[in-house]
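To start, the structure under review is shown below, and the notes come after it.
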Amino acid sequence: MSENTNFIHAIIEKDLENQTYGGRVSTRFPPEPNGYLHIGHAKSICLNFGTAQKYNGQCNLRFDDTNPIKEDTEYVDSIEADVRWLGFKWDNLFFASDYFERMYDCAVLLIKKGKAYVCDLTADEIRAHRGTLTEAGRKSPYQDRSVAENLDLFERMRKGEFADGEKVLRAKIDMASPNINMRDPVLYRISHTDHHNTGDQWCIYPMYDYAHPIEDAIEKITHSICTLEFEDHRPLYDWVLTELDWEQPPQQIEFARLNITNTVMSKRYLKALVDEGTVDGWDDPRMPTIAGLRRRGYTPEAIRDFCERIGVAKSNSTVEIGLLEHCIREDLQDKVESRMVVLDPIKVVITNYPKDKTEYVEIENSKDETKGHRMVAFSGELYVEREDFMEVPTKGYFRLFPGNEVRFKGAYFIRCEEVINDEQGNILELRCTYDPETKSGTGFEGRKVKGTIHWVDAKTAVKISARAYSYLMIEDEKGENVMNPDSIKTYAAYAEPSIAESKAEDRFQFFRHGYFIADAVLTTKDSKVFNRIVDLKSSWKK
RNA sequence: UGGGGCGUCGCCAAGCGGUAAGGCACCGGAUUUUGAUUCCGGCAUUCCCAGGUUCGAUCCCUGGCGCCCCAGCCA
């Protein structure tokens, strides 16, 4: 699959060479089901599944559902669908919550070893005892409880004898550690909350730092790949597995999470956009979610290619959104057909074309000859793109302007003879003439024109409401991402009739507008000039 | 001046002591029935800075500087 290698592959190859895990490679993608997956997760998905594939290993999809307050089955369903859509198959699907009993047993073991204790301090008190970045913490007054008492208390915690926040189970490590994560971290908290998977079976839930290494170990994961912010947690990850005497413990490896210009990746922020109704939902085409990108017309291939190109390293970086756009253009380039759509129309009347006549001209569906041709209606009344005409051309402009002749794609040379304006000077229509000699395909060589433009026949065109999407976020003067007030634009557009026959997943290329898919659509050729995505959904579907 | 990371072209990113890959962007030029695509060509004497070791350093050492992360009973 991938040609590129990264530092994680290097670690794995060394482990393979040393037979660290008996030649096994096993990874996992462990999302918490508290939101939809976004492009940042795609990087992790491609890394984990891709790495497993590369070394003939295994990769599990595991829901890290240890905090019932934030989790929901809606999210697990969407996550499964998105991973599958991206083109990956998990070897096993697990829920961290399925290991709760086993985790409980491990906690009991730690207590028996004198490595964990029940603490009655309140959250605030624990914080106060933890010390600061530069000062050591103080030990909890409950740190020296007997094993028997801890065992009893922990069991009663599980039985529901205490209220939320009344007690926690803590690891007994080192309150003076320069690494704050090692200052007797909380292992279990009490939360009388129903869990999406275990219902009301539990009222104590394990913390990430305690649960994750056990989850990995149970699944015999060899390389537990996560993001940079967990680097400081690694000593705790290792501590848990060491105290539990796990053989061939997995190793945690961290990489830099993905940042993209003009894009906010924070799940908290994205959820707020959805909850406040700022966007239509998690799958709004402007969202950086997998579901949003899918509606916007992105293909799994393009997203995977993007993840391959950005690489994997440990330095914080921000990839330009242009690279993602390049990937979708390149992918669609040779697998999609072209259609003519005029987003912002100007009427063109061809004065010397026979009244009431309609002829059909042949236009190729793609540069790829195997995709065939179609017949498109052409008559004396047409629409062309407003930006394909300039009443007063700038230097170098070679599309339509008074006195200039251009080719109408697949049809004739057309010359603009006259501009009809209203009192305000707005262009109402263009009076043009055509030259019958110049019909496409006849081999006319008499003269050349510099420009070719697309058009749509006025009588047969279907009227569509096209939605054009721009970036959801833009940078302000300080370089901070802020909401783009013009992230969406609607056009009363015209399209050739064949568009109306396309299906929800069909994608097309619009001349000079980029690409679109039926249910959403498209990205543009040049994001600086034609930065739009067209959503045809609302219009032609009904 | 607690600890953990990171600093190679505008943006990503290889490189791991032997004399700076690749991609995106950008700039030329050729083809072109859409100023697109395709196609050729250009684009870091230099790797955060300063010393040192070495025949030789982006890679090793020392000292600076800059940026990111950590004080949730979130993940």
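Letters A, B, ... are given to chains in the order of the sequence lines, protein chains preceding strands, and every chain is numbered from 1.
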Let me know the distance between [atom1] of [X] and [atom2] of [N], rounded to the nearest Å.
X        : N     : atom1 : atom2 : answer
A:Ile11  : B:C16 : CD1   : P     : 16 Å
A:Asn262 : B:C11 : CG    : C1'   : 13 Å
A:Leu133 : B:G72 : CG    : C1'   : 14 Å
A:Arg309 : B:C12 : CZ    : C1'   : 11 Å
A:Leu270 : B:A75 : CG    : C1'   : 16 Å
A:Arg170 : B:C73 : CZ    : P     : 8 Å
A:Met207 : B:A75 : CE    : C1'   : 9 Å
A:Asp305 : B:C24 : CG    : P     : 10 Å

Using a 4.0 Å heavy-atom cut-off across all strands, classify [X] as base, sugar-phosphate, or nothing.
X        : result
A:Tyr397 : base
A:Thr66  : sugar-phosphate
A:Val186 : sugar-phosphate
A:Arg130 : sugar-phosphate
A:Phe408 : nothing
A:Ser440 : base
A:Ala123 : base
A:Leu121 : base
A:Tyr188 : nothing
A:Gly165 : base
A:Val312 : sugar-phosphate
A:Gly137 : nothing
A:His233 : base
A:Thr122 : base

Side chain of [X]: nearest nucleotide among [options]?
X        : options             : answer
A:Leu228 : B:G5, B:A71, B:G3   : B:G5
A:Glu229 : B:G35, B:A13, B:C69 : B:C69
A:Lys314 : B:G5, B:U33, B:C73  : B:G5
A:Asn316 : B:C68, B:C24, B:A14 : B:C68
A:Arg189 : B:C24, B:A75, B:U33 : B:A75
A:Thr134 : B:C73, B:A25, B:G2  : B:G2
A:Asp64  : B:A75, B:U33, B:G2  : B:A75
A:Glu320 : B:C11, B:A14, B:A25 : B:C11
A:Pro178 : B:G35, B:G2, B:G5   : B:G2
A:Ser317 : B:A25, B:A13, B:A71 : B:A13

query = When you match A:Lys70 and A:Lys439 each to their closest nucleotide on RNA chain B, which lands nearer the 5' end?
reply = A:Lys439

message = Both A:Ile180 and A:Gly311 contact RNA chain B. Taking the nearest nucleotide for each, which residue is further toward the 5' end?
response =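 Nearest nucleotide further toward 5': that of A:Gly311.
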
inquiry  = Which is it for B:G72, anti or syn, if anything within 90° of zero counts as syn?
reply    =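 Syn conformation for B:G72.
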
Nearest-Å distance once atom [atom1] is located in both [N] and [M]:
N     : M     : atom1 : result
B:U58 : B:C48 : C1'   : 12 Å
B:C74 : B:C70 : C1'   : 14 Å
B:C40 : B:U46 : C1'   : 27 Å
B:G17 : B:G56 : C1'   : 8 Å
B:G18 : B:A57 : P     : 12 Å
B:U53 : B:U62 : C1'   : 11 Å
B:G3  : B:C61 : C1'   : 23 Å
B:G10 : B:C6  : P     : 23 Å

In Å, rounded to the nearest 0.5 Å, how long is the span from [atom1] of [X] to [atom2] of [Y]?
X        : Y        : atom1 : atom2 : result
A:Ile350 : A:Phe408 : CD1   : CZ    : 6.0 Å
A:Leu37  : A:Ile45  : CG    : CD1   : 4.5 Å
A:Ile173 : A:Met182 : CD1   : CE    : 4.5 Å
A:Asn6   : A:Lys314 : CG    : NZ    : 12.0 Å

query = Looking only at N and O atoms, is any donor in the side chain of A:Arg234 or the base of B:G4 less than 3.5 Å from an acceptor on the other one?
reply = no

task = Tell whether A:Asp232 reaches the base of B:G3 with its side chain through a donor-acceptor pair below 3.5 angstrom.
result = yes

Going by distance alone, is a donor N or O of one side chain under 3.5 Å from an acceptor N or O of the other, for [X] and [Y]?
X        : Y        : value
A:Tyr412 : A:Glu405 : no
A:Tyr383 : A:Asp457 : no
A:Glu219 : A:Asn60  : yes
A:His233 : A:Asp209 : yes

task = Please check if atom CZ in A:Arg447 has more than 12 non-hydrogen atoms from other residues, nucleotides or ligands closer than 6.0 Å.
result =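 It does: A:Arg447 CZ has more than 12 such atoms within range.
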
ask   = Should the heavy atoms of other residues, nucleotides or ligands under 6.0 Å from CZ of A:Arg257 be counted, would the total exceed 12?
value =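 Atom CZ in A:Arg257 is not packed in, count stays at 12 or less.
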
Across all strands shown, which nucleotide pairs with [N] by Watson-Crick or G-U wobble geometry, both distances under 3.5 Å?
N     : result
B:U33 : none
B:C65 : B:G7
B:G56 : none
B:C26 : B:G42
B:G2  : B:C70

message = Does a side-chain N or O of A:Arg127 approach OP1 or OP2 of B:G72 to a distance below 4.0 Å, or not?
response =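 Yes.
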
task = May I ask you to verify if any side-chain N or O of A:Thr132 is less than 4.0 angstrom from the OP1 or OP2 atom of B:G2?
result =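 Negative; the distance criterion is not met.
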
